[in-house]
Amino acid sequence: MHRARALVLGCLLVAGAATAAPVVQLPEGGRAVEVIPKGVLCGPVRGGWVLEGRTLKPPTRAEENSRTLELKVADDEAGCATATDTVVVVATGPFPRIDSASTTFYPDDGRLELKGTGLKNVAIAWSGTPRGEDPKTASLDGEDACLEPNAPNECAVPLTPGLPTDATLSWVPPYGRRGAGVSTYDANGRFLDDEYFRLRPGRTVLTRPLVQSSGVDLSKGPGYASVTHSEAVASVDCGTARCEVTEGAVSIRNVPGLNPTVTLRLRLVPRVFFAKGDALETSVTETLPVLACPLTAVEGTVLRDAEDSGLVMRLDPACAHDPRGLMWTVNGARVRVERVVKAQDGTYVLLRTSGTNEPQVTVTAITSRVDGTVVASETADTKPVPDPRATLELPGHGTIDFVPTNRPAEVTVASNGGLGRFVLRPLGGAYTVTTRESATLIQGEATAGGFVSLRFGYRLPTLPAELATSDLFLTNERVQRAVREASVPTNVENLVEFICADKEGNDEKLTPSRPHRVDYAMRNTCRVIIHRERLTPEEGNQEITLRITVTKSDNSTRGESSVDQRLFLRPKGEVRVIPVQGNLGQYDRILVQVAHVADESRYALSTVDRTGLPSAQWTAIVRGGMFRLYTMATIPAGLYRATQPTGQLAINFGVLSRLALLNNEGQERLLGIELGLMGLGLVPQSGDIQFPPTLAAVLGLGLRVPIGPGAAVGAQAWIAREFRGDITRRTNGDPNTDTVVPSSKWSFIFGPSISVGNVGFNL
């Protein structure tokens, strides 16, 4: 059977392609038909054909070898010998009677079930293009014949699978032809056009799934669900969504809801049915998931309890939507798109929200209010907003708890959690922020005062491009800091100078912490100079104490020369000169001390290194003589007379002049030469020898140790010239004993003493 079908089709194709001559088809046993409009047909004819001029009658029953004839056409019979024009006549089989209402077309299976009589050798031609395909490349044309009917009135003709339901189907009489240049007549000799042979099946049955898509992709705009036979769909209903039948698909838009599905209800055109088992249905229902753009919330950006916060979402690279053209909502509230950054792993969108206190947020991207199609949605857990913790530090001076107005302070910021970091933001009218060598510096404005809370922006460094420098939210520090001047204790040696003139009268700047000597003649040139002009605004106001103390050589204080002042120094002030007052004497010690006032409310003092505030002192001594000659009162409690007769001299008193060598500090050496008058033995002794009280001139050496201003204890050894009477002896009433003791007026005495007074001068 298959071999015979192939043979018939081959004959039809070869016959159709072998000649370009016109073809006239006449059914067997039909009436005569005028084949050509003018001229004559040149014979002879055979096989039962009857020729009369231009008229030709087909045979009652055509033989296979004479079913098709090629006849010459001439203007008259005389021209038949040389005629070149031809015409092909075909005797077809009897025309079938096809019951179109009972005929069923199976386009998916490639089958046409014919119903009628005389179906044997009837050919079926088809032509059509599947919807959505290019007609130039996807046109499906063909022809096949019914060689052996399945039953007397039924025949299944194979077609090309995948034909559209509205494909052009035509029947061709047995052994007939179709195409351009083919004219067909019926048994009554009537001309039949192509519409006569058009076959319209009573039923078209679809056997393959009508909807081919497994989901509706909204990531690139309106979604499309592919359908195998869009031409068979009369209408489509998508519920609340909007659907339209297009070429080869159903377009879907305005899909509302989160994570939605869309249900398609496709109603088929009349006479088209969908085979569902043994039942034939006129509508098809299909539920498809909506495939939206993959959307991800960037970790660390979904924060809770942050006002005016930024939320960063990442769209998959496959999503073709422009984020700025979408309408974004967070928990149903509309938000604006602040920034869009395209990266290799997707498109990052910074959404500016009003903040939320919910444990979760649902972010939705919709095409528009009118369309309302959800193209992306994501639900993410929120994280508590971190708090900034800032530390202010003056480089080299430790941490501070205020914002300085005269110099920048370095800010170190940490947080109590989160993946991001806090960045100090400037606050107009309060402070400015600068960056120097990766360090953040803050400085209060000169006109600012009172208290301020530092403002910080929260950023996520792992975000791409400029999003890494975008503030996700702004927050204020929970504490307030004073805005005031920062006074940094400066080195007082730069502010204070101690100057005295040298022996030529030229000013000499004395170095602190070293001893200096001032010529006696220039003793009144010493002065302290306060250089307020050297104080910079960055150092701030300074409060110092100035002490000038002048000590005499005996360690007593010269009161008229003393100064004790508390000075408040402002930057860029005038120079102030403070002279050392009083009439200084030899070996007067000048001590100048300058120190900062230890006031933590004023100064930025380090909490780590608290060794003390900067201070300085200067020391100068007025030059004097090498010797000192002075007078003092001396009270030797007991002197021992070493010359015969020897003995103890009790209670002595006198006035001495002492010549002592002075050291570099104006202090006298321990040993000195003494000369004076002494009253000796002012209290009689109870021994055998009676020393009479006497006045004596003494000369000798004395060793003195000062015990206080003008007082000293010591020991001395003198040679004395006594102005007295005789030294007597007790006789106890013995008349034979001589009462006068032989003695010299010169004697050597020594012993301890206490001296008071220091009236004299230096040599």
Side-chain angles (χ1 to χ4, degrees), residues 303 306-310 338-339 350 352 355 385-416 418 420-461 463 465-490 532-543 569-573 599-608:
L303 301 173
E307 295 183 0
D308 193 26
S309 64
E338 187 169 293
R339 285 188 178 179
L350 174 60
R352 184 60 61 184
V385 61
D387 295 324
R389 298 176 180 178
T391 302
L392 274 63
E393 180 179 357
L394 287 179
H397 300 282
T399 59
I400 57 176
D401 58 358
F402 61 93
V403 179
T405 58
N406 60 324
R407 63 186 299 158
E410 185 173 339
V411 182
T412 303
V413 188
S415 66
N416 60 349
R421 64 185 182 93
F422 283 99
V423 178
L424 182 64
R425 306 294 293 154
L427 188 60
Y431 61 82
T432 58
V433 178
T434 56
T435 302
R436 183 190 305 161
E437 296 179 356
S438 72
T440 302
L441 304 177
I442 183 175
Q443 183 171 347
E445 296 189 3
T447 57
F451 294 85
V452 67
S453 294
L454 301 185
R455 169 174 271 187
F456 296 92
Y458 185 74
R459 299 177 180 176
L460 194 62
L463 292 175
E466 62 266 24
L467 290 182
T469 59
S470 298
D471 295 328
L472 299 182
F473 69 91
L474 297 176
T475 184
N476 293 329
E477 197 178 22
R478 297 195 177 186
V479 299
Q480 289 189 329
R481 302 173 184 268
V483 182
R484 63 177 178 86
E485 182 183 72
S487 294
V488 178
T490 186
R532 290 183 288 188
E533 80 284 358
R534 297 180 181 176
L535 190 62
T536 62
E538 289 77 13
E539 295 171 322
N541 297 328
Q542 308 286 311
E543 190 170 5
L569 309 181
R570 296 185 181 276
K572 302 302 181 181
D599 185 0
E600 293 189 2
S601 64
R602 177 180 304 280
Y603 290 118
L605 302 179
S606 173
T607 58
V608 179

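Residue numbers start at 1 and run along the sequence shown.
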So, the side chain of [X] versus the backbone of [Y]: is there a donor-acceptor pair under 3.5 Å, distance only?
X      : Y      : value
Arg352 : Leu472 : yes
Asn406 : Glu538 : yes
Glu393 : Thr391 : no

Give me the atom names and distance for the closest heavy-atom approach of [X] to [Y].
X      : Y      : answer
Ala486 : Phe402 : CB-CE1, 3.6 Å
Pro571 : Asn541 : CD-OD1, 3.1 Å
Pro408 : Leu394 : O-CD2, 3.6 Å
Pro461 : Ala468 : O-CB, 3.8 Å
Gly540 : Ser487 : C-OG, 4.0 Å
Pro489 : Gln542 : CA-OE1, 3.6 Å

Task: OG1 on Thr475 to CG on Leu454, rounded to 0.5 Å - done: 11.0 Å
TODO: To the nearest 0.5 Å, tell me how far Glu410 CD sits from Thr399 OG1.
DONE: 12.0 Å
- [ ] Applying side-chain hydrogen bond (donor to acceptor under 3.5 Å, both in side chains), run through Thr469 and Glu466 and close with a yes or a no.
- [x] CA-CA 5 Å; Thr469 59; Glu466 62 266 24; over 6 Å; no
Task: Arg481 with Asp401: basic N within carboxylate O range, under 4.0 Å - done: no
Open item on the list: Does this structure show an ion pair linking Lys572 with Glu533, if we count only N-O contacts that are shorter than 4.0 Å?
Closed with: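 No, Lys572 and Glu533 are not salt-bridged.
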Open item on the list: Determine whether Glu539 and Thr490 satisfy the following criterion, side-chain hydrogen bond (donor to acceptor under 3.5 Å, both in side chains), listing intermediate values before the conclusion.
Closed with: CA-CA 7 Å; Glu539 295 171 322; Thr490 186; 2.9 Å; yes
Open item on the list: Under the criterion side-chain hydrogen bond (donor to acceptor under 3.5 Å, both in side chains), I'd like the reasoning laid out for Arg478 against Ser453: C-alpha separation, chi angles, the key distance, then a yes or no.
Closed with: CA-CA 7 Å; Arg478 297 195 177 186; Ser453 294; over 6 Å; no
For a quick test of your reading: what N or O donor-acceptor pairs under 3.5 Å do the side chains of residues 426-451 make, sequence neighbours left out?
unit_1	atom_1	unit_2	atom_2	d
Tyr431	OH	Arg425	O	3.0
Tyr431	OH	Arg455	N	2.8
Thr432	OG1	Gln443	O	3.4
Gln443	NE2	Thr405	O	3.2
Glu445	OE2	Gly429	N	3.3

Open item on the list: Arg532: which residues meet the side chain to side chain contact (heavy atoms under 4.5 Å, CB included) condition with it, sequence neighbours left out?
Closed with: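 Here the qualifying residues are Ile530, Leu569, Glu574, Arg576.
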[Y] and [X], any side-chain heavy atoms less than 4.5 Å apart:
X      : Y      : value
Ser470 : Arg459 : no
Val413 : Arg421 : no
Val403 : Leu392 : yes
Phe422 : Pro386 : yes

Open item on the list: Checking Tyr458 against Leu303 for the side-chain contact (heavy atoms from CB on, under 4.5 Å) test, could you report, in this order, the C-alpha distance in whole Å, the side-chain angles of both residues, the deciding distance, and whether it holds?
Closed with: CA-CA 11 Å; Tyr458 185 74; Leu303 301 173; 3.9 Å; yes
Task: Heavy-atom neighbours of Glu307 CD exceed 12 at 6.0 Å - done: no
